[in-house]
Number of protein chains: 2
Amino acid sequence: MPELPFTLDQLRILKAIAAQGSFKKAADLLYVTQPAVSLQIQNLEKQLEITIFDRGGRKALLTEAGRLLLEYCERILNQCDEACKAIEDLNSLKGGTLVIGASQTTGTYLMPRMIGLFRQKYPDVSVQLQVHSTRRTGWSVANGQIDLAIIGGQLPSDLENLLQVIPYATDELALVLPTRHPLSNKKELLKEDLYKLNFVTLDSQSTTRKVVDKLLQDSGLDNQRLKIEMELNSLEAIKNAVQSGLGASFLPVVSIERELAAGTIHKAFISDLEVKRELKLITNPSRYTSRASEVFKKNILPQFASSDSPLRQM
Amino acid sequence: MPELPFTLDQLRILKAIAAQGSFKKAADLLYVTQPAVSLQIQNLEKQLEITIFDRGGRKALLTEAGRLLLEYCERILNQCDEACKAIEDLNSLKGGTLVIGASQTTGTYLMPRMIGLFRQKYPDVSVQLQVHSTRRTGWSVANGQIDLAIIGGQLPSDLENLLQVIPYATDELALVLPTRHPLSNKKELLKEDLYKLNFVTLDSQSTTRKVVDKLLQDSGLDNQRLKIEMELNSLEAIKNAVQSGLGASFLPVVSIERELAAGTIHKAFISDLEVKRELKLITNPSRYTSRASEVFKKNILPQFASSDSPLRQM
DNA sequence: TATTTCAATAATTTAAATATATGGAGACTC
DNA sequence: GAGTCTCCATATATTTAAATTATTGAAATA
C-alpha cells in the first residue's frame, strides 16, 4: 500500500492560493499564518517533485504541473464535501435505509401502517421490510442484517439472551368461523366445542401455528382430537377458506379487522379460553443502532404498542 | 471555508479495515500499530458523529454510515492515486504540454522538424506551436504563456534584459530570382545590381522584412531606390510569385531548400553583400521551466543549432 | 531612495500522531 | 470450564509534524 504524497490540507491550501493568486491571501482565507501556507506548499512540491507555483511575478501563478494537480485537487475536495453532506443527511434522517424484520402476521397487517407513519415523518429514509420466520428474523437481527424486528413466536434460547427482547403488544388469536356455521349463533363457546370443528390451519412449521398448538395444549386440550381439514401457508388463503365455509381457524385479530367489519367472517368468544401471544420487539444491543432505527423505536412503535408495553414508558 | 472533518490517512485506514475486516490486520497492512488505527477511527467517528464500525462481532463490520463513507472514501483515494500517476507521468515526460513560440519562418520550416524529433522521443508530451510576431512572442515568453521560442528579429529593449536570449543559428536570407531571369545567369552579382530588380517582399510589418531592410540599409544601399513590385504576407506566396517570374526576393534559405533542389528557383550570390540574421532562443529565466522545456532545450535544439551556438556547449 | 508588500527562512512553541504497555471481553482449545 | 489466544480499547510517554512569532531578502510602488 503506497504512502500518500499529500494531505487534504495541502490540497485545500493549493486551491486557496490558486483562487486568491497569493500565498498571503490564501493564508488569511484559511485563518493560518503565511509561513504555514508556504511550508505546506514547499512540502507538497518536495514530495511530488514538481514546482507548483511560479512565485516570480506579481501574483502566484500555477505551473503546468500545478494546473494538473489543481484539477485533481478540486475533484477530490468536491468528493470530500459530498461525503460530508451525505453523512450529515444520514445523521439528520435525510437518507439511509431502515431494515425491519417481521413475521408473516405483523409484516402483513401491522408493519405497513407503522412504516407508512414513519415514511410520512421521514420521507427520505427508505425502509425495507423483511418477512421471515421467527428464527431467521432472530438471526438476522443478531448479525446486523436487520435493525429491529417484531416477532410473535419464541426465539431459540441462545438468541434470546443475545438480543434485547421487549414486550410490545398482545396479539389475540381469535377463533373465527364461517358466518353460516351452526356454532356462530352461540354467544359463548366452551373449549370442548373446539372438538366439533373442522380446522383450517397454517402449516405446522409456522410460528403462529406452533404458538396456537402450544396454548391449546397448555389449556388442557388434546390437539390430537382437533380435526384439521387442511393446512395452508398463507393467512389470506385461510381467511378465504373460512369465509367459504370450509372450516374454522385461529387467526390474529389484526388480520381480520376488515372482514369483521364487513361481517363476512364470525369471531367466536370462548369463555374458558384465551388464545393470546406476546408480540415482542427484538433488537441487538451489542450492535450499532442507526438513527433511523432509534427514531422508529422511540417515536413510531409506541403509538402502536399496548399500554403496558415498556415502549410506552421510554 | 469549512474545516475538513477527516484526513486522507483516516480514509486510508477506513478502507484497509473494511477490506481486512479487522483493525489489527489493517494496522499490519499499513505498518502502524493497532492503537494508531483504533484512535484514528475513533477520531473519524467523533468528528463525523457517526459509528463506522460494528466492533461487536468476530470481525469489524461496517455500519450503514460506514458503507456510505467507504463509497466516497474509495472514490477519493482513487482520485488521489490518479493524481499521483498524472504527476509522475509529467515528471517522466509521459504527459504534459510544451508550448513553443516561433516566427513565421522558423515556425514554418524549422520547428516542424524539431518538433517531429521531440515527439519521436517523447510521444506522450503534446507540443503546441504558436506562430506570432517577434514582439508578441517575446511577451508571451515573458508572462509564461510560451515555454521557449525562437525568433529572428529584434526584441524590444525592456524584454531583451528580462529574458534569456541565446544565439542559436545564423539564417541566411538569400536573394532568389526566377530561373529565367536575365541576372540568374551571372555567377556573381554586386549589390548595385539590386536596383535593377523588381522585388516581391513581405509586408512592412513583418520582422523578416524589417531585418532585410535594415541590413540592406546598413550595407549602404538606398532602400528607396529598390523597386517593390508587390508585398505579400506569406513566404509561400512570395515563393510562388518568384517562381512565376514576377520578381526577386530575399528569402530564408531554410524556406527554399526544396525549390533549390528541384531547380525551380534561382539563388543568386552577391559578392559584396551578406544578408544574414541571428536566430535566437529566448526563454524566461525567472519562470518555472517544465521538464519538457528543459529537454527540448538540452536535447533537441542543439542538433539544429549552428556550431558556434552556446547551445552546443551546454 | 525610501517604503511597502510578499514570500522564504529560522527558531520556538504547540499540537497531533504514533508507539509501548496494559486491561478487558469474547472465542477457541483441551 | 479453566486456560489461552485474539482482538480492540485505553493510558501514558515519546516522537514527529505543524503552527506561530520574528526576521530577512527581494521585488514592486511611490
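Chain A is the first sequence line, chain B the second, and so forth, proteins listed ahead of strands; every chain is numbered from 1.
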Axis bend over the full length of the helix from C:dT1-D:dA30 to C:dC30-D:dG1, computed from five pairs that close each end, to 10 degrees: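 So the angle between the two local helix axes works out to 30°.
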
Spacing between [X] atom [atom1] and [N] atom [atom2], to the nearest angstrom:
X	N	atom1	atom2	answer
A:Lys46	C:dA8	NZ	C1'	12 Å
A:Leu61	C:dA7	CG	P	11 Å
B:Asp54	C:dG26	CG	C1'	15 Å
A:Ile41	C:dA7	CD1	C1'	12 Å
A:Lys24	C:dA8	NZ	C1'	14 Å
A:Ile52	C:dA8	CD1	P	12 Å
A:Gln20	C:dT5	CD	P	17 Å
B:Phe53	D:dC8	CZ	P	10 Å

Side-chain ion pair, B:Asp9 and B:Arg12, N-O less than 4.0 Å: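 A salt bridge is present here (some side-chain N lies under 4.0 Å from a carboxylate O).
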
Side-chain heavy atoms of B:Thr106 within contact of B:Tyr168, under 4.5 Å: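 Counting from C-beta outward, B:Thr106 and B:Tyr168 never come under 4.5 Å.
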
Grab the two heavy atoms, one from [X] and one from [Y], that are nearest each other, plus how far apart they are.
X	Y	answer
B:Pro285	B:Gln164	CD-N, 3.6 Å
A:Thr137	A:Ala149	CG2-CB, 3.3 Å
A:Leu70	A:Ala18	CD2-CB, 3.8 Å

Would you say [X] has more than 12 foreign heavy atoms packed within less than 6.0 Å of its [atom1]?
X	atom1	value
A:Glu49	CD	no
A:Lys24	NZ	no
A:Arg135	CZ	no

Between CG on residue B:Leu69 and CG on residue A:Leu90, distance to nearest 0.5 Å: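 Between B:Leu69 CG and A:Leu90 CG, I get 10.5 Å after rounding to 0.5 Å.
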
Residue-phosphate contact under 4.0 Å: A:Ser38 side-chain N/O, C:dA7 OP1/OP2: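 No, outside the criterion.
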
Distances under 3.5 Å between protein N/O atoms and the N/O atoms of nucleotides 16-22 of chain C, please, pair by pair.
from: C:dA17; atom 1: O5'; to: B:Gln40; atom 2: NE2; distance (Å): 3.3
from: C:dT18; atom 1: OP2; to: B:Gln40; atom 2: NE2; distance (Å): 3.1
from: C:dA19; atom 1: OP2; to: B:Thr33; atom 2: N; distance (Å): 2.8
from: C:dA19; atom 1: OP2; to: B:Thr33; atom 2: OG1; distance (Å): 2.8

